[in-house]
Amino acid sequence: MGSIPELIVHIGAGKTGSTSIQFSMKKAMDVLQERGIGYLGLMLEFAESAKGRPWSVEGAPQKYFSSKEPERTDTAVYNALKNELARLGERGIGRVIWSNEAFLTRSDRIIPLLKKIEEHGVKVQPICYVRRHDEWARSGYVQFGIKFKSYEGDLRNFADWSAAHDMAYFEHLKRWQEHFPSLEVYNFDAIDNVTMHFLNRIGGEEIEVVRANDQPSNALLTSWAVFNGQRHHTVLPGVFQNVAGRLRVLASQQRPVQPLNELMPAKHQLEKIQDTYQDDLQKVNALLADLGQPPMAFGEAKTVDVVVDNWEMQRMMLTMIMSLQQQVMDLETQLQNVKDSKSGTGDGQAEK
């Protein structure tokens with residue numbers, strides 16, 4: 001019979017490489033298990049004991065926090081976690097990882113649950129990363145102010161968005177430390193690669209690191225801002241990505257193209273053309289003279305002004321593109337409904 005494994009709870013904070021940590025562990029679950037390490041996901045979605053539960057859905061950890069019956073849900077989570085730890089212990093797993101960056105600030109339900117698990121004989125070890133507030137604010141605004149428009153109304157600028165967010169760590173850390181004195185807190189800004197740091201801490205050395213949530217280019221971020229800015233309601237990142245993917249403008253789909261001012265000729269390049277074809281110009285001028293026509297003259301090489309008002313161009317083009325793509329998607333839906341109607345499903349849903 002195996003012993004109950006240690007439970008390492010990665011509690012965030014958000015915007016400190018949490019998604020990369022989670023993606024890396026998910027991809028390496030088999031390798032981790034060979035090393036005696038289990039990974040439960042964000043909300044136990046990889047735990048056998050939690051399969052089929054409405055609060056345990058991959059990619060939707062918010063279902064737990066939005067439960068309409070929190071006490072009942074917390075009891076179910078506790079039982080599933082306890083049973084999963086016992087099951088993994090029987091299989092020789094000595095260390096289990098639960099990672100959810102929301103846990104640092106939304107601890108009112110998680111801490112009591114973990115204290116009950118601790119009373120069951122489980123060693124609980126919380127781990128947290130923190131980063132300087134201004135860097136967090138900049139990254140957080142890109143993620144939650146633009147890419148994920150998590151509010152209704154017009155798109156907010158940084159000043160308005162940051163004024164509505166509490167970015168303090170200390171009181172949250174203090175509460176965790178009061179309940180778990182062994183809390184480990186690391187300075188994100190002092191670590192070269194947080195994902196590697198965490199993997200090394202849990203015994204997952206040399207596991208491949210999966211990058212996530214890379215900073216989008218300014219052009220793509222502008223597209224994101226325009227797209228979400230046209231919508232009054234909240235907008236998840238996947239909504240834009242679905243449209244942008246079809247338009248083939250995501251970073252992974254782009255081929256390099258020089259900016260127009262680098263493509264258009266410079267003055268010295270035009271002067272080189274003049275030098276190259278000076279002899280031909282003279283010969284053509286002689287022909288023109290024979291025909292009674294005025295000669296050509298090179299004169300000063302003239303360049304064309306290619307400066308464009310960036311914002312006006314971006315707003316016009318992106319609004320047009322997104323509008324056209326939405327029309328295409330609406331037509332696709334209409335076409336699918338027609339097909340479904342002809343196939344006899346009758347409810348507008350494709351047969352499965």
Side-chain angles (χ1 to χ4, degrees), residues 10-23 42 59-66 99-108 110 128-175 185 187-189 194 211-245 249-251 309-319 321-323 326:
H10 171 226
I11 63 174
K15 306 311 300 175
T16 59
S18 300
T19 304
S20 179
I21 289 172
Q22 292 153 3
F23 281 7
L42 278 78
Q62 68 276 9
K63 288 182 177 292
Y64 166 72
F65 293 106
S66 61
S99 173
N100 190 320
E101 62 270 34
F103 286 174
L104 173 62
T105 58
R106 306 185 70 172
S107 61
D108 55 321
I110 293 299
C128 182
Y129 294 89
V130 293
R131 70 188 298 186
R132 48 188 277 191
H133 301 72
D134 58 328
E135 290 291 337
W136 187 99
R138 179 178 54 78
S139 180
Y141 174 66
V142 169
Q143 182 68 26
F144 303 114
I146 297 180
K147 293 170 65 177
F148 174 17
K149 183 172 173 282
S150 55
Y151 50 88
E152 295 190 351
D154 296 335
L155 200 67
R156 297 175 187 170
N157 60 29
F158 175 77
D160 292 339
W161 178 87
S162 60
H165 286 76
D166 180 6
M167 305 174 200
Y169 297 116
F170 182 72
E171 290 301 324
H172 299 295
L173 292 170
K174 181 180 177 182
R175 185 177 184 205
V185 183
N187 181 355
F188 171 89
D189 302 304
V194 168
R211 293 185 60 84
N213 289 336
D214 286 338
Q215 175 76 13
S217 67
N218 288 338
L220 188 61
L221 190 58
T222 299
S223 303
W224 225 313
V226 171
F227 181 84
N228 286 348
Q230 301 300 309
R231 288 150 178 79
H232 184 272
H233 50 76
T234 61
V235 189
L236 292 170
V239 178
F240 169 79
Q241 291 171 318
N242 181 39
V243 175
V249 297
L250 296 177
D309 187 300
N310 286 337
W311 179 243
E312 289 299 317
M313 174 62 75
Q314 291 167 353
R315 186 176 64 178
M316 179 186 70
M317 296 298 292
L318 290 168
T319 299
I321 291 169
M322 299 305 175
S323 176
Q326 188 62 55

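Just so it is clear, the values below take in all heavy atoms, side chains as well, and ignore hydrogens, waters and symmetry mates.
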**Q** Give me the atom names and distance for the closest heavy-atom approach of Val235 to Phe148.
**A**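 Answer, listing the atom of Val235 first, then Phe148: O-CD1, 3.2 Å.
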**Q** To check you understand the geometry: which heavy-atom pair defines the closest contact between Leu104 and Ala13, and what is its length?
**A**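 For Leu104 versus Ala13, the nearest heavy atoms are CD2-CB, 3.6 Å.
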**Q** Is the count of non-hydrogen atoms from other residues, nucleotides or ligands lying under 6.0 Å from Asn242 atom CG greater than 12?
**A**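 Above 12, so yes.
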**Q** Take Ile146 and Phe240 through the test side chain to side chain contact (heavy atoms under 4.5 Å, CB included) and record every step on the way to the result.
**A** CA-CA 11 Å; Ile146 297 180; Phe240 169 79; over 6 Å; no
**Q** How far apart are the C-alpha atoms of Ile110 and Asn100, what are their side-chain angles, what is the distance that settles it, and do they pass the side chain to side chain contact (heavy atoms under 4.5 Å, CB included) test?
**A** CA-CA 11 Å; Ile110 293 299; Asn100 190 320; over 6 Å; no
**Q** Could you tell me whether Met317 atom CE has more than 12 heavy atoms of other residues or ligands within 6.0 Å of it?
**A**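 Check fails, neighbour count at 12 or below.
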**Q** Answer whether the closest heavy-atom distance between the side chains of Thr222 and Trp311 falls below 4.5 Å.
**A**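 Thr222 reaches Trp311 side chain to side chain.
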**Q** Rounded to the nearest 0.5 Å, what's the gap from NE2 on His232 to NZ on Lys149? Could you check?
**A**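 If I round to the nearest 0.5 Å, the distance is 7.0 Å.
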**Q** Under the ring-ring contact (aromatic ring centres under 6.0 Å, His included) criterion, do Tyr169 and His133 qualify, and how do the steps go?
**A** CA-CA 9 Å; Tyr169 297 116; His133 301 72; 5.1 Å; yes
**Q** Indicate yes or no for a side-chain donor-acceptor contact from Ser162 to the backbone of Ala159 under 3.5 Å, with no hydrogens or angles considered.
**A**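 Yes, Ser162 side chain to Ala159 backbone: donor-acceptor pair under 3.5 Å.
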**Q** Considering only heavy atoms from C-beta outward, does the side chain of Thr234 approach that of Glu152 to under 4.5 Å?
**A**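 In contact.
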**Q** Give a yes or no answer on whether the side chain of Trp161 reaches the backbone of Leu155 with a donor-acceptor pair at less than 3.5 Å.
**A**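 Such a contact is absent between Trp161 side chain and Leu155 backbone.
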**Q** What's the verdict on side chain to side chain contact (heavy atoms under 4.5 Å, CB included) for Asp108 and Arg175, showing C-alpha distance, side-chain angles and the deciding distance?
**A** CA-CA 10 Å; Asp108 55 321; Arg175 185 177 184 205; 3.9 Å; yes
**Q** Is the backbone N or O of Arg132 less than 3.5 Å from a side-chain atom of Asp189, with the two atoms forming a donor-acceptor pair by type?
**A**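 Yes, Asp189 side chain to Arg132 backbone: donor-acceptor pair under 3.5 Å.
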**Q** Compute both the distance and the angle, then confirm whether Lys63 meets the cation-pi test with Phe65: under 6.0 Å from the six-membered ring centre, within 45 degrees of the axis.
**A**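 Relative to the ring axis of Phe65, which defines the angle, Lys63 lies outside at least one limit.
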**Q** Say you draw a straight line from OG1 of Thr16 to CZ of Phe188; how long is it, rounded to the nearest 0.5 Å?
**A**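 Between Thr16 OG1 and Phe188 CZ, I get 6.5 Å after rounding to 0.5 Å.
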**Q** Is atom CG of Asn218 surrounded by more than 12 heavy atoms (other residues, nucleotides or ligands) closer than 6.0 Å?
**A**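 It does not: Asn218 CG has 12 such atoms or fewer within range.
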**Q** Once rounded to the nearest 0.5 Å, what's the spacing between atom CG of Leu42 and atom NE2 of His10?
**A**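 Those atoms lie 10.0 Å apart.
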**Q** Do the side chains of Ser223 and Val249 get nearer than 4.5 Å, heavy atoms only?
**A**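 Sidechains of Ser223 and Val249: no contact.
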**Q** Do the non-hydrogen side-chain atoms of Val194 and Ile21 ever get within less than 4.5 Å of each other?
**A**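 Yes, at least one pair of side-chain atoms sits under 4.5 Å.
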**Q** So which heavy atom on Ser18 is nearest to which on Gly12, and how close?
**A**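 Looks like OG-CA, 4.0 Å.
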**Q** For Phe227, does its backbone N or O pair with a side-chain atom of Arg231 as donor and acceptor, under 3.5 Å?
**A**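 It does hold such a pair.
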**Q** Have a look at Lys15 and tell me which of Glu135, Glu101, Arg131 forms a side-chain contact (heavy atoms from CB on, under 4.5 Å) with it.
**A**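 So, applying the side-chain contact (heavy atoms from CB on, under 4.5 Å) to Lys15 and each of Glu135, Glu101, Arg131, only Arg131 qualifies.
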**Q** List the steps, then state whether side chain to side chain contact (heavy atoms under 4.5 Å, CB included) holds for Gln241 with Trp224.
**A** CA-CA 9 Å; Gln241 291 171 318; Trp224 225 313; 3.7 Å; yes
**Q** Measure the CZ-CZ distance between Phe144 and Arg156 for me, rounded to the nearest 0.5 Å.
**A**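 The CZ atom of Phe144 sits 14.5 Å away from the CZ atom of Arg156.
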**Q** Just checking Tyr141 against Phe158, ring centres under 6.0 Å apart?
**A**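 Close enough - the centres of the two rings lie under 6.0 Å apart.
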**Q** When rounded to the nearest 0.5 angstrom, what is the spacing between CD in Glu171 and CG in Asp166?
**A**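 That separation rounds to 9.5 Å.
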**Q** Ignoring hydrogens, what is the shortest heavy-atom contact between Lys147 and Asn228? Give both atom names and the distance.
**A**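 Taking every non-hydrogen atom into account, O-ND2, 3.4 Å.
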**Q** Kindly give the heavy-atom pair with the smallest separation between Leu250 and Gly245, and that separation in Å.
**A**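 Minimum heavy-atom separation between Leu250 and Gly245: CD1-CA, 3.8 Å.
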**Q** Give the minimum heavy-atom separation between Leu221 and Pro216, together with the two atoms involved.
**A**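 Minimum heavy-atom separation between Leu221 and Pro216: CD1-CG, 4.0 Å.
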**Q** Taking atom CZ of Phe23 as the centre, does the number of heavy atoms from other residues, nucleotides or ligands within less than 6.0 Å exceed 12?
**A**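 Result for CZ/Phe23: open.
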**Q** Contact between Gln230 and Ser323 at the side-chain level, heavy atoms closer than 4.5 Å - yes or no?
**A**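 No, their side chains stay 4.5 Å or more apart.
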